[in-house]
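Notes follow once the structure below has been shown.
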2 protein chains.
Amino acid sequence: MRRGRDVPALVDAARGGDPRAVARLISLVEDGDPALPEVAAAMAARAGTAQVIGLTGSPGVGKSTTTNELVRALRARGGRVGVLAVDPSSPFTGGAILGDRVRMQDHATDSGVYIRSMSSRGHLGGLAAATPQAVRVLEGAGCDVVLVETVGVGQAEVEVASLADTTLVLLAPGMGDAIQAVKAGILEIADVFVVNKADRDGADATYRDIQGMIALGERAPGDWRPAVLRSVASRGEGVEEILAAIDKHRAWLVEHGELVRRREARAAAEIEAIALATLRSRISSLREGTALSKLAAAVASGELDPHTAARNLLDGLEVQGS
Amino acid sequence: MRRGRDVPALVDAARGGDPRAVARLISLVEDGDPALPEVAAAMAARAGTAQVIGLTGSPGVGKSTTTNELVRALRARGGRVGVLAVDPSSPFTGGAILGDRVRMQDHATDSGVYIRSMSSRGHLGGLAAATPQAVRVLEGAGCDVVLVETVGVGQAEVEVASLADTTLVLLAPGMGDAIQAVKAGILEIADVFVVNKADRDGADATYRDIQGMIALGERAPGDWRPAVLRSVASRGEGVEEILAAIDKHRAWLVEHGELVRRREARAAAEIEAIALATLRSRISSLREGTALSKLAAAVASGELDPHTAARNLLDGLEVQGS
C-alpha cells in the first residue's frame with residue numbers, strides 16, 4: 001500500500017464513516033493495490049448488508065439528474081447512500097464524469113452521502129473486478145444503499161449493471177434507445193425501465209415500444225415482469241414511483257429466493273474476475289523474463305505457431321499459491 | 001471444428017487462393033474454434049511474408065473510401081491484397097461495417113482481393129488475439145499486403161492498429177480529431193497521418209495541429225518522424241503519396257531492424273492474448289463444477305472474502321499441458 005497508512009486503521013476509519021478513508025480504500029481498489037485482499041477480508045463480515053441498485057442508459061437520458069433525485073428520496077428515508085459512477089467505455093473520460101457530478105453538489109455537505117467516480121484506468125475488463133470491490137467498501141463503510149451508475153449502453157455497461165440487486169434502465173424519447181436496448185442485451189438485465197423526460201415529444205412512443213418488447217419477451221410463470229415508468233427527473237416527477245418499483249422488485253427478490261441467487265452469481269463473477277486479473281498479472285510478469293521474448297522471436301520467424309508458443313508459456317506459469 | 005471439413009484440406013484450399021476456404025478459416029478464428037492451433041501450425045511457415053498496414057480513424061473520416069483507393073493502387077502493383085475491417089468498440093455493429101463494405105464493390109470481382117469484416121462477437125479483448133490470427137490466415141493464403149482497418153479511435157483501436165508494420169491514422173477537418181488523437185494515444189502509434197477531405201474548410205488547421213503535436217513529441221535521433229499527408233480519397237487524390245509514405249516507412253523499418261522488432265512484439269502480444277484466452281476458458285469451465293458455486297455462496301454470506309476465494313479457485317486450476 002502507498003503512503004504508509006496501515007489497512008486496519010483505514011478500514012476502522014471507513015467503518016466510522018470517514019469519507020477520506022472510504023476514498024483511499026476505493027483508490028486502492030482502482031489501482032489493484034496488493035493490500036486489496038486484506039481490505040476485502042476486513043469488509044467480508046458486512047457482506048450483503050447494502051442494497052445495490054444499478055442504473056444505466058445512453059448519454060443524455062438524464063442519469064445523473066435521476067441519481068441525484070433518487071439520492072434525495074433515499075436520504076429522506078434516513079439510511080446512508082453511496083454512489084459509484086462508472087464509465088467502462090473509455091479510460092479517458094474520468095474527468096468528464098467528474099464534471100457531471102457538479103449537478104450532485106446538492107449532496108456535497110450531506111455526510112450521509114458518499115459519491116465517487118470510477119474509471120477503468122486503462123485496465124481492460126478491470127471494472128468487472130473493481131466495481132463489486134468498491135461496492136464492498138461502501139457496504140463496509142455502512143452504506144445502506146449503493147447506487148452504481150454506468151455511462152452508455154454496451155456490453156461492459158450490461159456487465160456492470162448486472163452486478164446489482166435491481167437494475168434500472170433509463171431511456172429518453174426519440175433516441176432510438178428501445179432498439180439499442182434490445183441490441184445490447186439490456187432487455188435481459190432491466191428490472192425497471194424508466195422513460196425519463198416524459199414531458200417531451202415521443203415519450204409515449206418510447207413507452208409503448210418498451211412495453212411491446214417486454215410483451216414479446218419469454219417469461220416463465222412467477223418470473224419478474226420489468227416495470228415501465230415515466231419520469232421528469234429534472235422536476236423530481238416520478239421519483240417516488242421509481243423507488244416504489246425498486247421496493248416491489250426487492251420484495252419479489254426476497255420472496256423468490258432470487259436475492260441470494262443474484263448475490264451468489266455476483267460473488268462468482270467477482271471471484272472469476274479477481275482470479276483472471278491475478279493470472280493476467282502473472283503473465284505480464286513473464287514479459288520481463290526471457291521466456292516470452294524467445295517464444296516471440298520463434299513465432300515471428302515462423303519456427304513456431306503462436307498457439308504452441310502460448311502452451312509453452314503456460315507450462316512455465318506458476319498458478320498455485322500466491 | 002464444425003461442419004466436418006478437415007483443417008488440412010481447408011488450409012490447402014486457402015493456400016490455393018480459394019476465398020471460401022479463407023472465409024471459413026477466419027470464421028474459425030472469430031469463433032475461437034478448438035482447431036485453431038492446427039490452423040496456426042499450418043500457417044506458421046509463411047509467417048512474415050505479408051506486409052501489414054493498419055488504418056484507423058474516427059467514424060466519418062473516410063476510412064473505407066481510403067482503403068478502397070489503397071487497394072486499387074496496391075492491385076495496380078500486382079500483389080494480392082487482404083482487407084480486415086475490425087470494429088473493436090461494439091459486438092453489435094458487424095452489420096453496419098458490412099453495409100459500409102458496399103463501397104468496396106469495386107473489388108468484388110477481383111480474385112486478387114479478399115475483404116472481410118470482423119466483429120468481437122462479444123468476447124471482450126478477443127480481437128487482440130483474433131486479429132493477428134486472421135492476418136496469419138490471409139498471409140497463409142498468399143496475400144502480399146494485409147490492410148487492417150479499425151473503426152473509431154480508442155484504446156482497443158490503438159491496440160489493434162499497433163499490430164501493423166505501418167500504422168496510418170486518418171483525420172478529417174473540423175472533427176477535433178487532433179485532440180482526440182492525443183488523448184487516445186494515437187500520436188504514439190501513428191507512422192503516417194493523413195488529413196483526408198483536404199478540400200474542406202479547416203483542413204489546413206488540422207494539418208498544422210498535427211504537425212505541431214509531432215514537433216512537440218520527443219524523439220531520439222534516428223527515430224521515425226511521422227509523415228503528415230493530405231488526401232481527397234473520394235477523388236483518388238493523394239493516394240499515391242500515401243503509398244509512397246508507407247514504402248518509405250517500410251524501408252526505414254528494415255534499415256533500423258525495426259521490422260523484426262515490431263513483428264516480435266506483435267508475436268509476443270499474440271502469444272499473451274492466446275495464453276490469457278486459454279486461462280479464461282479454463283476458469284469458465286470451472287463454472288460447471290461445484291468449486292466456484294461453493295466459494296460464491298461463502299463470499300455472498302460473508303464467510304469468505306473474494307480474494308481468498310479467488311486464490312482457492314486458482315489452487316484448483318490446472319494450467320500445465322492442455
Side-chain angles (χ1 to χ4, degrees), chain A residues 36-37 40-41 43-48 89-92 122 124-125 132-133 136 154-156 183-184 260 263-268 270-272 274-276 278-280 283-284 287 292-293 295-297 299-311 313-315 317 319-322, chain B residues 36-37 40-41 43-48 89-92 122 124-125 132-133 136 154-156 183-184 260 263-268 270-272 274-276 278-280 283-284 287 292-293 295-297 299-311 313-315 317 319-322:
Chain A
L36 279 187
M43 296 300 180
R46 294 182 83 157
S89 61
S90 163
F92 308 110
L124 239 157
Q133 292 183 73
R136 282 175 188 285
Q155 192 62 37
K183 276 171 140 183
V260 171
R263 288 178 169 197
E264 289 185 0
R266 190 159 81 207
E270 190 180 356
I271 296 167
E272 278 191 9
I274 293 170
L276 204 58
T278 306
L279 291 174
R280 187 181 283 133
I283 288 183
S284 298
R287 230 176 266 166
L292 181 58
S293 45
L295 290 168
V299 168
S301 68
E303 286 164 55
L304 212 60
D305 72 87
H307 287 269
T308 305
R311 209 177 308 132
L313 188 72
L314 290 177
D315 285 346
L317 184 71
V319 295
Q320 268 78 22
S322 78
Chain B
L36 279 188
M43 296 299 179
R46 293 182 82 158
S89 61
S90 163
F92 309 110
L124 240 158
Q133 293 182 72
R136 282 175 189 286
Q155 193 62 36
K183 277 172 142 182
V260 171
R263 288 179 168 195
E264 289 186 1
R266 192 159 78 206
E270 191 181 355
I271 295 167
E272 278 191 11
I274 294 170
L276 204 57
T278 305
L279 291 174
R280 186 181 284 131
I283 287 183
S284 297
R287 231 176 264 166
L292 181 58
S293 45
L295 291 167
V299 168
S301 69
E303 287 163 55
L304 211 61
D305 72 86
H307 287 269
T308 305
R311 210 176 307 133
L313 188 72
L314 289 177
D315 285 345
L317 184 70
V319 296
Q320 268 78 24
S322 78

Pairs of heavy atoms under 4.5 Å with chain B: top-ranked of A:Gly302, A:Ala309, A:Ala45: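 Top count of heavy-atom pairs under 4.5 Å with chain B: A:Gly302.
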Best-contacting candidate, B:Ala265, B:Ala297, B:Pro306, against chain A by heavy atom pairs under 4.5 angstrom: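 Looking at each option in turn, the highest pair count goes to B:Pro306.
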Specify the closest pair of heavy atoms between [X] and [Y], including all atoms of both residues, with the distance to one decimal.
X	Y	answer
A:Glu264	B:Ala300	CG-CB, 3.8 Å
A:Ala44	B:Leu304	CB-O, 4.1 Å
B:Val299	A:Ala267	CG1-CB, 3.7 Å

Contacting region of A:Thr278 [heavy-atom separation from chain B under 4.5 Å]: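 Interface part for A:Thr278: side chain.
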Under 4.5 Å from a heavy atom of chain B, the part of A:Glu303 involved: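 A:Glu303 has no heavy atom closer than 4.5 Å to chain B.
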Can you measure from [atom1] ([X]) to [atom2] ([Y]) and round to the nearest 0.5 angstrom?
X	Y	atom1	atom2	value
A:Leu36	B:His307	CG	NE2	4.5 Å
B:Leu279	A:Leu314	CG	CG	5.0 Å
B:Leu295	A:Glu270	CG	CD	12.0 Å
B:Glu272	A:Leu313	CD	CG	7.5 Å

Side chain, backbone, both or neither of B:Arg46 within contact of chain A (heavy atoms, under 4.5 Å):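 Neither part, no heavy atoms under 4.5 Å.
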